[in-house]
Amino acid sequence: MNKKLGMLALGLLLAGPVAAQNELQYVLESIERNNLTLQAEHYASQGRTYEARMGNSLEPLSVAYESVGEGGLPVGQAGELEISQEFALPMLYAARNRKARSLASQYEAEYLALRQQTLLEAKEIYLELCALQAIVAVNRPRMQAAEHLARLYETRYQTGDATLIDKNRAEFEELLLRESLSTVDLRIIELERRLTTLNGGQPLACSYVMPPMETLSPLDSLQADWEAYAPDLTVARLQAEAAGDDVKVSRREALPRLGLGYKATYGEGSYNNGLTAGLSIPLFSNRHNVKRAQAYERAARAEAEAAVVEKRNTVNELYAKADYAARLLQSFDIMPDADSYVGVLVRLLESGQMNIIDYYSELDTLYQTLETRIRIEMEYRLGVARLLVIYL
């Protein structure tokens with residue numbers, strides 16, 4: 001395809017590739033900063049992390065005081081004070097600490113997964129808006145030509161040089177084109193509002209210039225990066241890891257607990273105090289706890305493996321679609337220069353060498369082909385964006 005048509009289809013008439021890339025980066029950075037859902041998830045992740053750490057705290061300190069009357073003495077002249085604290089063995093606290101760290105990493109990965117999906121949605125919207133702007137740009141001279149021909153055939157009809165059918169055909173083509181472009185305009189408004197919502201309700205000032213084409217790595221390399229860096233796969237792995245840590249915690253919770261304390265008694269002029277010690281043995285309270293944790297661990301590991309398999313299939317599918325769209329785009333390279341071709345059609349029509357029906361048939365074919373190319377390129381870009389989301 002010639003350079004002029006390529007620029008028209010890519011929507012690069014307003015700015016160069018660097019400016020376009022900078023604008024997309026500006027949009028993504030703004031949404032990451034202002035998106036209210038991401039802000040809420042950030043604070044919720046912090047709360048869940050603190051909640052996980054709370055599970056590794058010491059048991060509450062127990063303080064008991066009893067004041068009684070004894071042997072005819074008034075109340076308060078005799079009594080007992082006892083302070084005690086229960087401790088688990090150090091290996092239980094270590095296991096709980098490992099589990100809390102795994103959960104904290106999992107919550108962070110969940111936030112990153114939401115962040116990537118939010119930025120991917122924003123990028124998809126931006127790319128579609130760029131394509132729609134390109135479609136509007138492609139059809140702008142077509143709209144001007146349709147208005148010109150509607151006026152021309154109105155004049156020719158008045159002078160008897162054109163039939164009513166020719167006049168109506170020109171007017172109908174103009175109306176149909178306006179309706180088609182109004183659908184594009186409504187879609188642009190819808191997408192811009194969604195982009196504003198993603199940006200926390202703050203409008204974004206954009207010209208929607210298509211950024212440079214992104215290139216794909218080989219499929220094997222992409223698969224390896226997805227398995228290593230995809231946050232949702234990381235979440236699945238960390239869930240399995242936390243489930244494994246929970247098994248260790250459950251086993252250690254079956255171990256005895258040590259209780260230490262201080263006890264003092266007084267009454268009838270006497271005062272006694274000393275240390276207390278004891279063991280708490282969970283003979284029945286920990287029943288089936290280890291089996292429960294082991295079952296959840298097996299489930300979590302199976303889910304992690306299933307997530308990897310599903311993700312491989314998804315990457316394969318996205319890659320195949322993107323590759324197919326890329327090959328389709330190559331078939332448009334033989335297209336003629338749009339402006340020159342339209343100029344030829346207009347001269348043939350005005351000179352009487354082509355009737356209006358053939359003119360609009362040729363014109364519709366040309367512009368439908370141009371729009372199809374833009375939409376196929378958009379699908380290719382969207383497919384690549386979905387494949388490269390792990391690098392956002």
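Heads up: numbering here begins at 1 and tracks the sequence. Side chains are part of it too, since the values below use all heavy atoms of this structure and drop only hydrogens, waters and symmetry mates.
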Quiz item: So which heavy atom on Pro211 is nearest to which on Cys130, and how close?
Solution: CD-SG, 4.4 Å
Quiz item: Do Glu66 and Glu82 come within less than 4.5 Å of each other through their side chains, counting heavy atoms only?
Solution: no
Quiz item: Would a 4.5 Å heavy-atom cut-off, applied to side chains only, mark Leu103 and Thr49 as touching?
Solution: no
Quiz item: When you look at Leu204 and Ser30, which way does the side chain to side chain contact (heavy atoms under 4.5 Å, CB included) test go after all the steps?
Solution: CA-CA 8 Å; Leu204 288 159; Ser30 179; 3.6 Å; yes
Quiz item: Does Asn272 reach the main-chain N or O of Thr265 with its side chain, forming a donor-acceptor pair under 3.5 Å?
Solution: no
Quiz prompt | Any side-chain donor near an acceptor of the partner, Ser102 and Glu241, under 3.5 Å | solution = yes
Quiz item: Once you round to the nearest 0.5 Å, how far does CG of Asp323 lie from CG of Leu318?
Solution: 12.5 Å
Quiz item: To the nearest 0.5 Å, how far apart are CG in Asn35 and NE2 in His42?
Solution: 13.0 Å
Practice problem: Go through the side-chain N and O atoms of Gln106 and Glu110 and say whether any donor and acceptor fall under 3.5 Å apart. | Solution: yes
Exercise. Verify salt bridge (charged side-chain N to carboxylate O under 4.0 Å, His left out) between Glu51 and Arg48, making sure each step is shown before the conclusion.
Key: CA-CA 5 Å; Glu51 184 178 8; Arg48 290 191 291 267; over 6 Å; no
Quiz item: Shortest non-hydrogen contact from Val384 to Ala322?
Solution: CG2-CB, 4.4 Å
Exercise. Could you tell me whether Glu305 and Arg301 have a side-chain N and a carboxylate O separated by less than 4.0 Å?
Key: no
Practice problem: Taking Asn199 for its side chain and Gly201 for its backbone only, find out whether a donor-acceptor pair lies under 3.5 Å. | Solution: no
Quiz item: Will you find, in the side chains of Gln223 and Asn316, an N or O donor that is under 3.5 Å from an N or O acceptor?
Solution: yes
Exercise. For salt bridge (charged side-chain N to carboxylate O under 4.0 Å, His left out), just list the numbers for Glu377 and Arg381, CA-CA rounded to whole Å, side-chain angles, deciding distance to a tenth of an Å, and then say yes or no.
Key: CA-CA 6 Å; Glu377 182 183 317; Arg381 289 176 177 272; 3.0 Å; yes
Exercise. State, to 0.1 Å, how close Pro231 and Ala109 come at their nearest heavy-atom pair, and which atoms those are.
Key: CB-O, 3.6 Å
Exercise. Measure the CG-CD1 distance between Leu120 and Ile390 for me, rounded to the nearest 0.5 Å.
Key: 12.0 Å
Quiz item: Is Arg193 atom CZ crowded by more than 12 heavy atoms from other residues, nucleotides or ligands, each under 6.0 Å away?
Solution: no
Quiz item: Thinking salt bridges, do Lys321 and Glu317 make one under a 4.0 Å N-O criterion?
Solution: yes
Quiz item: So, for Ile374 and Ala131, which heavy atoms are closest and what is the spacing to 0.1 Å?
Solution: CG2-O, 3.6 Å
Self-check item: Test item: Ser221 side-chain N/O and Ser217 main-chain N/O as donor-acceptor pair under 3.5 Å
Solution: no
Quiz item: Got a sec: does the CD of Gln202 have more than 12 other heavy atoms crowding it under 6.0 Å?
Solution: yes
Quiz item: Just by modelled atom types, is the Tyr65 backbone N or O under 3.5 Å from a matching donor or acceptor in the Glu80 side chain?
Solution: no
Quiz item: Do Gln46 and Tyr107 have side chains that get closer than 4.5 Å, going by heavy atoms?
Solution: no
Exercise. Test Glu214 against Lys123 for salt bridge (charged side-chain N to carboxylate O under 4.0 Å, His left out), laying out the working first.
Key: CA-CA 13 Å; Glu214 293 178 295; Lys123 188 174 182 178; 3.0 Å; yes
Quiz prompt | Steps toward side chain to side chain contact (heavy atoms under 4.5 Å, CB included) verdict (Leu81, Lys263) | solution = CA-CA 6 Å; Leu81 171 67; Lys263 185 175 181 180; over 6 Å; no
Practice problem: Go through the steps to decide whether Lys311 and Asp232 satisfy the test side chain to side chain contact (heavy atoms under 4.5 Å, CB included), and finish with yes or no. | Solution: CA-CA 9 Å; Lys311 193 64 68 177; Asp232 49 348; 2.5 Å; yes
Practice problem: Give the intermediate values and the outcome of side chain to side chain contact (heavy atoms under 4.5 Å, CB included) for residues Arg252 and Val249. | Solution: CA-CA 5 Å; Arg252 285 158 177 73; Val249 170; 6.0 Å; no
Quiz prompt | Residue pair Leu119 / Glu32, side-chain heavy-atom distance below 4.5 Å | solution = yes
Practice problem: List the atom of Ala300, the atom of Ala240, and the distance in Å for their closest heavy-atom pair. | Solution: CB-CA, 3.6 Å
Exercise. Examine the side chains of Glu371 and Asn139 and answer whether a donor and an acceptor come within less than 3.5 Å of each other.
Key: yes
Exercise. Is it possible for you to say whether Leu388 and Leu233 belong to one hydrophobic cluster, with membership spreading through side-chain heavy-atom contacts below 4.5 Å?
Key: no
Self-check item: Interatomic spacing from CD1 in Ile376 to CG in Leu328 - rounded to 0.5 Å
Solution: 5.0 Å
Quiz item: Hey, does the side chain of Glu124 reach the backbone of Leu382 with a donor-acceptor pair shorter than 3.5 angstrom?
Solution: no
Quiz prompt | The single option from Arg96, Arg98, Arg292 passing salt bridge (charged side-chain N to carboxylate O under 4.0 Å, His left out) against Asp246 | solution = Arg292
Quiz item: What is the distance from atom CH2 of Trp226 to atom CG of Leu387, rounded to the nearest 0.5 Å?
Solution: 7.0 Å
Quiz prompt | Test side chain to side chain contact (heavy atoms under 4.5 Å, CB included) applied to Thr118 and Leu392, Thr37, Ile31, the passing residue | solution = Ile31
Exercise. State yes or no: do Leu195 and Val389 share one hydrophobic cluster built from I, L, V, M, F, W and Y residues joined by side-chain heavy-atom distances below 4.5 Å, directly or via other members?
Key: yes
Practice problem: Report, as yes or no, whether the 6.0 Å neighbourhood of atom OH on Tyr324 holds more than 12 heavy atoms from other residues, nucleotides or ligands. | Solution: no
Self-check item: Separation of Ser331 OG from Arg373 CZ (nearest 0.5 Å)
Solution: 9.0 Å
Exercise. Compare every heavy atom of Leu370 with every heavy atom of Val138, then report the nearest pair and how far apart it is.
Key: CG1-CD1, 3.8 Å
Quiz item: Going by heavy atoms in the side chains, are Ser84 and Tyr262 under 4.5 Å from each other?
Solution: no
Exercise. Determine whether the side chains of Ser45 and Glu108 contain a donor N or O and an acceptor N or O closer than 3.5 Å.
Key: no
Quiz item: Would Tyr319 end up clustered with Tyr391 when hydrophobic side chains under 4.5 Å apart are linked, directly or stepwise?
Solution: yes
Quiz prompt | N/O donor-acceptor pair under 3.5 Å between Ser180 side chain and Leu177 backbone | solution = no
Quiz item: Do Leu28 and Leu38 sit in the same hydrophobic cluster, where Ile, Leu, Val, Met, Phe, Trp and Tyr count as joined when their side-chain heavy atoms come under 4.5 Å apart?
Solution: no
Quiz item: Under 4.5 Å between side-chain heavy atoms, hopping through other hydrophobics if needed: is there a path connecting Leu112 to Val235?
Solution: no
Exercise. Any chance you could lay out the salt bridge (charged side-chain N to carboxylate O under 4.0 Å, His left out) test for Arg187 and Glu128, step after step, and finish with the verdict?
Key: CA-CA 10 Å; Arg187 179 61 176 166; Glu128 185 175 351; 2.9 Å; yes
